[in-house]
There are 2 protein chains.
Amino acid sequence: MTLSRSTKRHKAETGKELMSDVGSVDRFSNVLSGVVKLTKTLSDGRQQIVGLQFAPDFLGRPFQAESTVTAEAATEVELCSFPRQALERMMKEQPDLEHRLLEQKLRELDQAREWMVALGRKTAAEKIASFLLMIARNIDPAAGPERRGASFDLPLSRAEIADFLGLTVETVSRQITRLRGEKVIRVENNRHVTVDDIQRLAARAGD
Amino acid sequence: MTLSRSTKRHKAETGKELMSDVGSVDRFSNVLSGVVKLTKTLSDGRQQIVGLQFAPDFLGRPFQAESTVTAEAATEVELCSFPRQALERMMKEQPDLEHRLLEQKLRELDQAREWMVALGRKTAAEKIASFLLMIARNIDPAAGPERRGASFDLPLSRAEIADFLGLTVETVSRQITRLRGEKVIRVENNRHVTVDDIQRLAARAGD
DNA sequence: CGGCCTTTTGACGTCAATCAAAATTTGTGG
DNA sequence: CCACAAATTTTGATTGACGTCAAAAGGCCG
């Protein structure tokens, strides 16, 4: 994608709020590396992560934003960000862009619905397995489709995983411990996960 | 929207499967009246409703469909349906169409994320209140924004509501009974609901 | 009226939440 | 590099909200 002159690049430290659809922040970005989490919060503080964006996803909600989603860097993130105006000009000049945006949003919608099934109908154990599987597929640098194993750093803390899966930290921890006990995964430094046999993990995802 | 010659109109009886994104069914529709439910099912039969489409929503997932969503009529439905080919031709002739499709998909994405919060973080009571509120806003014929009350037929059975909210039929029934006992809603014939004070209902939705 | 399906109600069980505290990791300054 | 503080993760004990199982009540249509 060619960038207009008004774009800028920057790194965001972990946890930094990148943009909130709720208010005046009126920018649009491209995730160059890292993971961005989209969260929604209830008035009493309960939180739910409603999406994760990996490179090279677009980031932002064009055409008005009433949806009160907050985007935060989950890991070190490199963004290429530009004002809404630039996006809209680019879309005029290059209608293909709007098409690609539609395709990405359709993918996001598919993913959101995938997670609705997990949130509504899967057990804690199945949620964790599904989550690890999803991360493995998105993050493992050598993620060929025919790989038997995978190894990756979790982009989220236990608390964030809980917010993603509609669980508590304690339940997340227990389920990960259980998977480790059953040798489905190995965990180093709490963040690095190795899956020797992805099929065995997939078998626990409940699909 | 102008319809190409190859389009057709038909009514679907309740419960009829309209299209499945999984396979060869390759049509695209417009909901003219009624409610269509989008469901996903796990291999052991657990089901989750991942979306409800009200008139005048589009229905269908253009540009390949790997997402195994099934669309079914929840009520009597009038559709205007046409083959994918027609849609793609129409999009070429009228680029505005693709733009409107994008806007609708963005709305659907917002809604999906709204429900992710409910599924992951709300209590059974809050889920029911949120659901009734959503239906009231979409269905009540006289739903002016400044109405104090609302009255409508539920487009879903208790079992379907359960599948939408990630609950069991029994829990749905108990929560509705509870709301009735507290005079937040009145229910006639199990399907018709009257809300005298929408604010009181909204206060229980937990947002 | 009678069978069938949906909804409600009741008794009980269980999975995940809550509460509490220990263990481990991470970060900071000397 | 180590010592200490803070944050994160794990583990344990207990509770509670919702699920499960069972049966009664209510609607719908022949």
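Each chain gets a letter, A, B and so on, in the order the sequences are listed, and its residues count up from 1. Because the structure is a prediction, the values reported are computed rather than measured.
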Nearest-nucleotide pick for B:Arg191, side chain only, options being C:dT7, D:dT9, D:dG19:
C:dT7
Using heavy-atom distances to pick each residue's nearest nucleotide on DNA chain C, tell me which of B:Thr171 and A:Thr171 is more 5'.
B:Thr171
Grab the CZ-P distance between B:Arg180 and C:dT7 for me, whole Å please.
12 Å
Is the shortest side-chain N to carboxylate O distance from B:Lys183 to B:Asp196 below 4.0 Å?
no
Looking only at side-chain N and O atoms, does A:Asn190 come under 4.0 Å of OP1 or OP2 in D:dT10?
yes
Tell me, yes or no, whether the heavy-atom count around B:Gln85 atom CD, taken from other residues, nucleotides or ligands under 6.0 Å, exceeds 12.
no
Grab the CZ-C1' distance between B:Arg158 and D:dG27 for me, whole Å please.
12 Å
Can you tell me the distance, in whole Å, between the CD atom of B:Glu160 and the C1' atom of C:dC5?
14 Å
Just N and O in the side chain of A:Arg174: are any of them under 4.0 Å from OP1 or OP2 of D:dT10?
no
At less than 4.0 Å, is any side-chain N or O atom of B:Thr168 found next to OP1 or OP2 of D:dC18? Yes or no.
no
Using whole Å, what does the distance between atom P of nucleotide C:dC15 and atom CD1 of A:Ile128 come to?
17 Å
Between A:Asn189 (CG) and D:dT10 (C1'), how many Å, whole number?
15 Å
Nearest-Å distance for atom pair CD/P, residues A:Glu170 and D:dT15:
17 Å
Contact under 4.0 Å: B:Ser173 side-chain N or O vs C:dT8 OP1/OP2:
yes
What I want to check is whether the side chains of B:Ser81 and B:Arg27 have a donor and an acceptor closer together than 3.5 Å.
yes
Which nucleotide wins on minimum distance to the side chain of B:Thr123, given the candidates C:dA17, D:dC18, D:dT11?
D:dC18
State whether A:Lys122 and A:Asp207 are salt-bridged, where the test is any N-O pair (Lys NZ or Arg NE/NH1/NH2 against Asp/Glu carboxylate O) under 4.0 Å.
yes
What nucleic acid atoms does B:Ile176 come within less than 4.0 Å of, heavy atoms only: base, sugar-phosphate, or nothing?
nothing
Crowded around B:Arg191 CZ? As in, over 12 foreign heavy atoms under 6.0 Å?
yes
May I have the distance from B:His192 (atom NE2) to D:dG27 (atom C1'), rounded to whole angstrom?
17 Å
Spell out yes or no: do the side chain of A:Gln175 and the base of C:dC15 have one donor N/O and one acceptor N/O closer than 3.5 Å?
no
What integer distance in Å separates B:Glu188:CD from C:dT7:P?
16 Å
